[in-house]
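First comes the structure, then the notes that go with it.
Note: hydrogens, waters and symmetry copies are ignored here, and every other heavy atom, side chains too, is used. Every chain is numbered from 1, with letters handed out A, B, ... down the list of sequences.
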Amino acid sequence: MIGFGLPNGRPLLTHRKLPEAAMGPPYFYYENVALAPRGVWDTISRFLYDIEPEFVDSKFFCAAARKRGYIHNLPIHNRFPLLPLPPRTIFEAFPMTKKWWPSWDTRTHLNCLQTCTASAKLTERIRSALADSDDPPSHNTRQFVINECRKWNLVWVGLHKVAPLEPDEIEMLLGFPRNHTRGGGSSRTERYKSLGNSFQVDTVAYHLSVLKDMFPNGITMLSLFSGIGGAEVALHRLGIHLKAVVSVEISEVNRNIVRSWWEQTNQTGTLIDIADVQQLNGDKLEQLIHTFGGFDLVVGGSPCNNLSGSNRVSRDGLEGKHSALFYDYFRILDLVKNIMGKES
DNA sequence: TTCACTATGATTAGCCCG
DNA sequence: CGGGCTAATCATAGTGAA
């Protein structure tokens, strides 16, 4: 799952032919979970002008897996990665764990960072099982421990002692500045949730890097379902000036996080935040496009709640309560294309 | 009311192998 | 080609303490 190519490998593809209807302006970038129920990506692709999705696992960019599909109309040649390159193995990311890491735990990468973490009961069950067993432990004990460690992304922090990642460790893995989600009224639970729902910044930045030469004076972006601002952080770290960002995000805590980051990084552009995508109708978009002279980029990862395999309760597909917001991404993107096409 | 904590499988895709 | 196996997975809902 390497998409059209990785930073240090030979590209599988350097050019592609996009359908006429897919061409910009604006450029757009859509994201969601790769392992969605059958047929979901076919539907998404059909709405987004029949562009073939680019499936990438972020384990090639950082120390944690993140299998995602991206549909975009960006050029794909001359991409470049963010520097410095982030740690790409568990030991590089968390050197202190090496001391306690059993040889029979052969993981080099973590699994997908999700919204919930393991219970204290589980880590205690693991400690107890290992303390009561031989050295090395029996096959059954090892199997139990390894399975739980993989399922819950546990790391070794002591003798027989595993623990879930801390929020600041997840921020690092995902490419955000330390304490990005800390403060601003965000509880620990909310931090895990917001981070679990986020982009992996290095992966997204690699795809967006082609914009740097194309927009030397900066870009104006419409950011839908912004979350904690993964796309904004990616562009900023690429050194692309943000002239204006219209950010749409339902969570007040997340809006605060992005607003706070905007202040921390001394942005000179304009940040407008909107709570609900439903507020973005034709009139509102015409007004915004008139104000900013159009959007260069429309970014969005629509809710995956009803697509994710972790959802035992309501994995209802693209028509599910939350994931159906994909259709608002399409609606808004298509409106922007039409309005901008009319004015040019 | 908020927050921390806990338990709760099914659906895929990719293998190998007959 | 299909059955059996391994493996991964941006979560929801309930409870109880503060």
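- Atom OG in A:S251 sits 7.0 Å away from atom CD1 in A:I257 (nearest 0.5 Å).
- A donor N or O paired with an acceptor N or O is found under 3.5 Å between the base of C:dC10 and the side-chain atoms of A:E31.
- In terms of phosphate contacts, A:N32 brings no side-chain nitrogen or oxygen within less than 4.0 Å of OP1 or OP2 of C:dC10.
- The base of C:dC10 lies close enough to the side chain of A:R68 for a donor and an acceptor atom to sit less than 3.5 Å apart.
- Of all the residues in residues 141-149 of chain A, not one reaches under 4.0 Å from DNA chain B with any non-hydrogen atom.
- Using a 4.0 Å heavy-atom criterion, one finds that A:S186 contacts no nucleic acid atom at all.
- At a non-hydrogen distance threshold of 4.0 Å, A:S119, A:A120, A:K121 from residues 105-124 of chain A come into contact with DNA chain B.
- In this model, the phosphate group of B:dT2 is not approached by any side-chain N or O of A:T189 to a distance below 4.0 Å at OP1 or OP2.
- Every ring pair (Phe, Tyr, Trp, His ring centres under 6.0 Å) that A:H15 has, sequence neighbours left out, goes to A:H77.
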Show the distances under 3.5 angstrom between N or O atoms of the protein and N or O atoms of nucleotides 16-18 of chain C.
none

Bracket string, DNA chain C, 5' to 3' - pairs by Watson-Crick or G-U geometry under 3.5 Å, | interstrand: |||||||||.||||||||
Derivation of the ring-ring contact (aromatic ring centres under 6.0 Å, His included) call for A:Y329 and A:F47: CA-CA 10 Å; A:Y329 179 88; A:F47 272 85; over 10 Å; no
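- Nearest nucleotide to the side chain of A:N305, out of C:dT12, C:dC10, B:dA4: C:dT12.
- Side-chain polar atoms of A:T181 and A:S186 form no donor-acceptor pair below 3.5 angstrom.
- Among the atoms of the strands shown, none is found under 4.0 Å from any heavy atom of A:K193.
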Base versus backbone protein contacts along nucleotides 9-14 of chain B [heavy-atom cut-off under 4.0 Å; B, S, -]: BBBSS-
